[in-house]
Every structure is written in structure tokens, then in C-alpha cells.
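All chains are named by letter (A, B, ...) in the order of the sequence lines, taking the proteins before the strands, and each is independently numbered beginning at 1.
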Amino acid sequence: MPHRFPLPARLARALAASAALTGLLATAACGARAGEETVAAESCLDTSGDTVKVGALNSLSGTMAISETTVRDAIRLAVDELNAAGGVQGKQIEIVAEDGASEPTVFAEKAEKLIREDCVAAVFGGWTSASRKAMLPVFEDNDSLLYYPVQYEGLEASENIFYTGATTNQQIIPALDYLAETGAESLYLVGSDYVFPRTANAIINAYAEAHGIEVLGEDYVTLGSTEFSTIVNQVKSAGADAVFNTLNGDSNVAFFREYANVGLTAADMPVMSVSIAEEEVGGIGVENIEGQLAAWNYYQTLDSPANSAFVEAFKAAYGADRVTSDPMEAAYTSVHLWAATVEKAGSFAVADVQAAADGVSFDGPEGTVVIDGDNHHVTKTARIGEISADGLLYTVWESPAPIEPDPFLEGYDWAADLSVTE
Amino acid sequence: MDLLVGQLFTGLSTGSILLLAALGLSLTFGQMGVVNMAHGEFIMAGCYTAYVVQQVVGDAGASLLIALPAGFLVGGAMGLVLEALLIRRLYHRPLDTLLVTFGVGLILQQAARDVFGAPAVNVSVPEALRGGVDLLGVTVPRTRLFIMALAVLSVAAVALVLRFTPAGRRIRAVVGNRDLAETAGISSRAVDAGTFFIGSGLAGVAGVALTLIGSTSPTTGQSYLVDAFLVVVAGGLGRIKGAVVAAVALGALQAVFETYSTASLAKVGVFVVIVVFLQLRPQGLFTLRTRSLA
């Protein structure tokens with residue numbers, strides 16, 4: 001971990017102690033596994049043939065399948081493109097596909113299988129932070145590579161993971177900047193009750209305090225909850241200038257329907273969402289969400305040759321009625337970034353790819369992204385989109401230049417105390 | 001104070017949703033003792049019935065009216081098949097039933113995913129049910145008023161069927177004492193199938209109604225399953241009356257807790273209350289006096 005977040009000394013000691021205890025317990029619990037680990041670092045990757053394998057690990061069943069199947073499609077498209085263009089280092093790329101089944105433990109298990117039995121050069125996938133956290137030790141212990149394509153709560157950096165989705169300073173902070181710029185002086189926070197919304201809201205609270213924005217309420221529902229009458233009535237009576245929404249999954253449908261039903265509109269109280277992309281709008285019903293805002297780095301409607309080519313190729317491969325979204329684009333880009341890094345390194349070996357990663361760029365659908373070799377994140381342009389009647393999102397604001405990734409928010413004075421949320 | 005009164009009304013509407021989801025279960029679990037973990041998937045089947053009907057009919061209002069009975073038939077038919085193929089063979093083996101129906105639920109979820117795709121689909125709300133009505137300082141969406149009315153109607157219909165029809169009398173007889181009912185010439189097999197049909201059909205109706213407020217996705221049913229079991233257990237097995245009181249009480253409790261904390265904490269609060277309540281009164285709010293002790 002190249003970056004260390006400044007922690008108060010006492011907390012650091014407590015963390016160190018608990019980490020030591022956890023380590024002790026883990027060693028005690030799986031002594032047999034620990035014994036194998038000495039040989040595990042030796043990769044069984046074989047690059048002597050005409051093909052090289054990579055892993056695609058996404059949930060095709062369970063509650064996250066709704067989102068992750070689309071990411072799988074994007075990964076496949078990128079690999080097909082690489083192969084059609086002659087492969088990577090002259091070798092055809094073969095996907096070994098696994099189903100993470102929406103269970104973090106399954107993700108860890110399948111990651112281990114992909115690395116040890118299939119001997120893949122890299123793995124693309126994961127969506128929830130829980131799945132990433134579960135896979136992280138597997139990739140670190142086996143010294144292998146994971147490309148993770150989804151925006152997340154930051155405060156993480158691993159030598160063995162490349163984060164191609166936005167970290168908080170490329171999504172949440174620009175969204176707050178936008179709301180502040182457009183005159184919002186008070187916010188109401190609504191989120192699902194797990195690590196991402198809790199961390200995001202801690203950041204939002206710190207930002208609000210530093211910028212004189214009042215947070216009128218903060219509410220959490222259990223994942224998948226569809227009961228929003230109380231919350232929406234409270235939001236309405238609080239009368240905030242805007243709502244910041246970190247709900248995930250099906251809850252968004254119930255929330256926006258209730259929101260529209262009590263007479264709240266985007267005009268009098270806009271909702272800024274960070275988990276609603278093109279795929280989700282259809283399920284919510286565009287009539288319930290038209291005019292509301294979202295914060296991402298990519299929209300299907302971006303006007304660039306690279307994006308037109310991507311959207312066209314995607315529709316040609318999977319059907320004209322399909323849409324492309326930010327995580328899909330980040331997954332597609334991650335495959336190309338990996339290929340570009342391998343070409344630069346002249347090798348598939350993990351150590352060579354890590355060494356060559358800094359500064360590798362790809363002209364993707366969202367624009368040019370560049371890998372930061374220090375924290376393994378990528379530069380991204382922040383974009384605020386408005387949901388329109390056709391179900392697509394259109395950019396209403398974008399950062400003047402791609403934003404450097406800052407997963408530990410070290411460049412923001414007001415964020416100095418945020419580590420406690422981890 | 002105004003807010004509290006308003007919240008109680010919100011509780012009533014939350015309670016009616018719980019009740020609608022739990023009513024079918026109070027028949028299959030409460031009356032027959034079958035732990036049907038696939039009940040949520042029958043609700044989900046109702047949701048997709050509403051979606052399919054809307055795709056065919058087009059007009060949201062008309063399609064809702066058609067979808068309600070259609071959802072009952074779809075849910076009921078699925079229940080009949082499940083009962084005939086699996087559950088009938090597993091009576092008196094509650095743990096096996098639990099596992100088998102859980103598996104069936106997973107299969108149905110994946111089937112929905114394969115047929116309709118993984119992303120949620122949108123069922124449009126009829127124009128007449130959009131917007132809300134101001135009552136005691138809170139805005140109650142029309143969709144919730146509709147669900148309240150539907151819950152009242154469904155309960156009334158079930159109560160009337162159980163009380164006044166020959167079929168209902170047979171169901172009550174089998175629940176009261178299976179052996180004695182059989183001795184009196186009642187085919188408990190046919191009664192079981194009938195009860196399961198009605199219970200599963202009600203899940204389908206609930207599914208159609210719930211498309212008005214929630215999402216329609218393969219995992220929709222799961223979010224209602226635990227709450228439905230809570231209502232039936234807290235209300236007392238075998239009593240529709242218990243389910244009604246428990247649903248409204250739980251809804252009100254949730255709404256009041258939520259006013260003073262966050263929604264997810266309120267849920268914890270409700271669970272704590274239920275655990276304490278069941279410690280004091282393990283049989284639930286109302287009990288069925290019966291001479292057949294299983």
C-alpha cells in the first residue's frame with residue numbers, strides 16, 4: 001500500500017492491535033492454507049502457447065446479477081476487439097468466465113480458482129465493495145492482478161488491484177461542487193445501509209461543514225428495502241435544496257416512485273444519485289425520475305468518435321435495445337488498459353505489468369484515461385448528467401480536465417478526519 | 001404531535017402492504033403449517049404477471065384490473081404445482097419442506113432472470129393512481145390508498161370464504177383436527193391443495209399490487225418474505241385476525257421508530273420488540289384452540 005492515510009496515533013495503535021489479532025486468528029484458523037502460501041506466489045501463468053487466458057468474474061446469479069451481467073458483456077466486447085486486432089503481444093486472449101453469485105465468499109473462492117487452476121494473467125470483475133474486499137487478500141497472497149471497474153468509496157489502494165471506476169474525488173466531490181455552484185445550501189442524505197453510503201455520507205458531511213452547507217437529515221434503509229413513505233415525508237417537510245441519494249439497487253425504484261407521488265419534482269428538490277445509470281432508469285420508470293441528476297464519468301450520450309464506436313459495437317454485439325453505462329465503460333476500458341500495459345511492458349508477468357503501469361493511457365469512450373502508478377487508480381473526467389425523457393442521461397456539467405485520483409482525499413484539508421469511517 | 005398522528009397513518013399504509021404480502025402465507029404457513037420459502041417468488045410471479053399483462057394490454061388502468069385476477073390464477077397455479085409435486089410428499093417434515101421450497105425459490109428467481117432479464121422492468125402506474133392526498137399533515141400516495149383498500153378487500157374475502165362457504169368449513173375442519181376431519185369424510189388432500197391454491201394466489205395478487213410501489217425484478221419477492229413470516233408468527237399461527245393486527249402493529253411500530261431514528265435502525269427496533277414479545281407470548285397474539293396437537 002503506497003499511501004498511508006494520516007491517522008490519529010491512538011486509533012493507529014488500536015488498528016494495529018486489531019490487525020495483529022485478526023492476523024493471529026487467521027493464521028490459527030487456517031494453518032494448512034498458510035503453509036501452502038509460500039509456494040502460491042509462484043504464478044502458473046504459461047505464455048508459451050498462442051493464447052493467454054484472462055478471468056472474468058461477475059455475478060450472473062443472485063441480487064447483483066442485475067448490474068454485473070452488463071459488465072460481463074462489456075468485458076467480452078473488449079476482448080473480442082483485442083483479438084480481432086491481432087491479440088496482445090501477438091497472442092489471442094481467451095476468457096475464463098466465472099459466476100460470483102453475488103456472494104463475497106464465492107468471489108474469493110472463484111478468484112483463487114482462476115489464479116491457481118486456470119493460471120489467468122489478470123482478472124476483470126467485482127462490483128460490490130464487499131466482493132472487492134473479499135478478493136483483495138486472494139490477489140495479494142497470490143500476487144495476481146484484479147481490474148475493478150466500479151465507482152467506490154475510496155480509502156483503498158493495493159499493488160494487486162487496478163481501480164478503473166471513480167474514487168470519491170472523481171464522483172462525489174464534483175457532485176457536491178456542482179450542487180454548491182447551483183446554489184444548494186442544504187442537503188438531505190438518503191442511502192442504503194452499508195459501507196459505500198456510510199463512507200460517502202461521512203465525506204459529504206465533512207464537505208458540507210467546510211463549505212457552509214447544512215445537512216438537514218441523514219437516513220439509511222436496509223439493502224433492498226421498498227418502504228419509503230416515512231423517509232419521503234421527512235425529506236419533504238425538511239425542505240432541503242437537494243437530496244443526495246446513495247441508495248443501491250431495487251430500493252431506488254420504490255424511493256423515486258414515492259418521491260414523485262408526494263409531489264416532489266426535480267424542479268423544486270433535485271435528487272443527485274450516484275448509483276443510477278442508463279440500465280436502472282428503465283426499471284424505475286422514466287416518468288418517475290425525469291429531470292433528476294446523476295454523477296458519473298461516462299454517459300451513453302457522450303459525443304465523441306470513441307464513444308460512438310463503442311456504443312455501435314456494443315449494440316451490434318448484444319442488440320439495438322441495449323444501453324451502455326459507466327461501469328460497463330470502465331470495464332471495457334480496463335481490458336484495454338491491461339492490454340496497453342502488457343504491450344508497454346512487453347510481458348504478461350504481474351511484476352512487469354505493475355512496473356509498466358504508471359502513465360499508461362487509453363483513449364476510451366469517456367475520454368483519455370491515464371493510470372496513476374502510485375495508487376493504481378485512473379484519471380477520470382467527472383460529469384453530472386440529467387435524466388431525460390428518452391431514458392438516457394445527458395451531460396449538464398463536466399470537470400474542465402480529467403481529475404487525478406486521490407483515493408485517500410489527501411488533497412482536501414476538510415477530509416483530514418475521515419479515516420474514522422473506515 | 002401532528003407528525004406522530006401522520007406517522008400512525010403511514011404505519012397503517014405500511015401495515016396494509018405487510019398484510020397483503022403476509023395474507024397468503026397466513027393460510028399456507030398459518031393454517032397448514034407449511035414453511036414455504038418460495039412464497040416470495042409467488043409474489044414476484046404476480047409482479048411479472050402485471051408486467052406481461054401491461055405489455056399486452058397497453059393501458060395501465062385496464063391492465064391493472066386484468067392483472068389482479070390473472071395474478072391470482074398464476075400464483076395459485078404455481079402453488080398447486082408445487083403442492084402436488086413436492087410439498088404433498090413432505091408433510092410432517094418441516095425442515096425438508098423449508099429446504100426444498102427455498103431451492104424452488106432460487107430456481108424461480110433464476111428462471112425469471114432468464115426469461116425477463118436481470119435488470120428490473122417497469123410497470124407503469126395508472127394515471128388515476130398517481131400523486132398523493134394530504135391527510136393529517138402527511139402526503140399519502142394514492143397507490144398506498146389503493147393497496148389499503150385491496151388489503152381490506154382481500155382479508156374480507158378470505159374471512160368470508162373461511163366462515164361461510166362449504167370449502168372454507170372444510171379448511172377449518174382440517175386445520176382444527178386433521179384426523180377427525182378425515183373420519184368425517186373430508187378429503188384432506190383436496191383441502192390441502194385448495195388451501196395452497198388460495199394462499200399462493202393471494203401472493204400473486206400481492207405481487208400485482210406491489211408493482212405500484214416497488215420494483216419488479218427477479219429478487220423482488222425476497223424483500224417481502226421475512227416481513228411476511230414475521231407478521232404471521234407475531235400474529236399467531238392459524239388466525240387471519242392475528243395477521244391483520246400484527247401487520248398494522250408492525251407497520252405503525254416501524255413508522256414511529258423511523259420518525260426518531262433511521263429506517264434501518266427502526267427495523268432493528270421492530271425486530272427487538274418482536275423477539276421480546278415472542279419471549280413473553282411464544283404463541284403469538286392470537287392462538288387457535290385445537291384438539292389436534294401436532
Quick one: which of [options] has the most heavy-atom pairs under 4.5 Å with chain A, could you say?
{"options": "Val125(B), Asp227(B), Leu212(B)", "answer": "Leu212(B)"}
{"options": "Ile213(B), Thr219(B), Leu106(B), Val121(B)", "answer": "Ile213(B)"}
{"options": "Ile17(B), Leu129(B), Thr220(B), Val123(B)", "answer": "Val123(B)"}

Interface residue of largest heavy-atom contact number with chain B, from [options], under 4.5 Å:
{"options": "Thr230(A), Val253(A), Thr226(A), Asp193(A)", "answer": "Thr230(A)"}
{"options": "Glu279(A), Glu280(A), Lys236(A)", "answer": "Lys236(A)"}
{"options": "Val232(A), Val262(A), Thr222(A), Leu60(A)", "answer": "Val262(A)"}

Give, as side chain, backbone, both or neither, the part of [X] having an atom under 4.5 angstrom from any heavy atom of chain B.
{"X": "Ile284(A)", "result": "backbone"}
{"X": "Glu287(A)", "result": "side chain"}
{"X": "Phe228(A)", "result": "backbone"}
{"X": "Thr69(A)", "result": "side chain"}

Drop me the distance from [X]'s [atom1] to [Y]'s [atom2], to the nearest 0.5 angstrom.
{"X": "Thr10(B)", "Y": "Gln234(A)", "atom1": "OG1", "atom2": "CD", "answer": "9.5 Å"}
{"X": "Ser223(B)", "Y": "Glu227(A)", "atom1": "OG", "atom2": "CD", "answer": "11.0 Å"}
{"X": "Asn288(A)", "Y": "Arg130(B)", "atom1": "CG", "atom2": "CZ", "answer": "7.0 Å"}
{"X": "Asp219(A)", "Y": "Ser261(B)", "atom1": "CG", "atom2": "OG", "answer": "7.5 Å"}
{"X": "Gln254(B)", "Y": "Ser229(A)", "atom1": "CD", "atom2": "OG", "answer": "9.0 Å"}

Point to revise | Under 3.5 Å side-chain donor-acceptor pair for Asn122(B) and Arg257(A) | key: yes
Looking at every heavy atom in both [X] and [Y], which two are closest together, and how far apart are they?
{"X": "Arg113(B)", "Y": "Ser61(A)", "value": "NH1-CA, 3.6 Å"}
{"X": "Gly214(B)", "Y": "Ala254(A)", "value": "CA-CB, 4.2 Å"}
{"X": "Tyr220(A)", "Y": "Thr262(B)", "value": "N-CB, 3.7 Å"}

Segment of [X] engaging chain A (4.5 angstrom heavy-atom cut-off):
{"X": "Gln110(B)", "answer": "side chain"}
{"X": "Arg144(B)", "answer": "side chain"}
{"X": "Leu210(B)", "answer": "neither"}

Check your understanding: Is atom CD of Glu209(A) surrounded by more than 12 heavy atoms (other residues, nucleotides or ligands) closer than 6.0 Å?
Key -> no
Check your understanding: Could you go step by step and tell me if Ser264(B) and Val221(A) meet the side chain to side chain contact (heavy atoms under 4.5 Å, CB included) rule?
Key -> CA-CA 4 Å; Ser264(B) 63; Val221(A) 300; 5.6 Å; no
Check your understanding: Okay, side chain of Asn261(A), backbone of Gly131(B): is any donor-acceptor separation there less than 3.5 Å?
Key -> yes
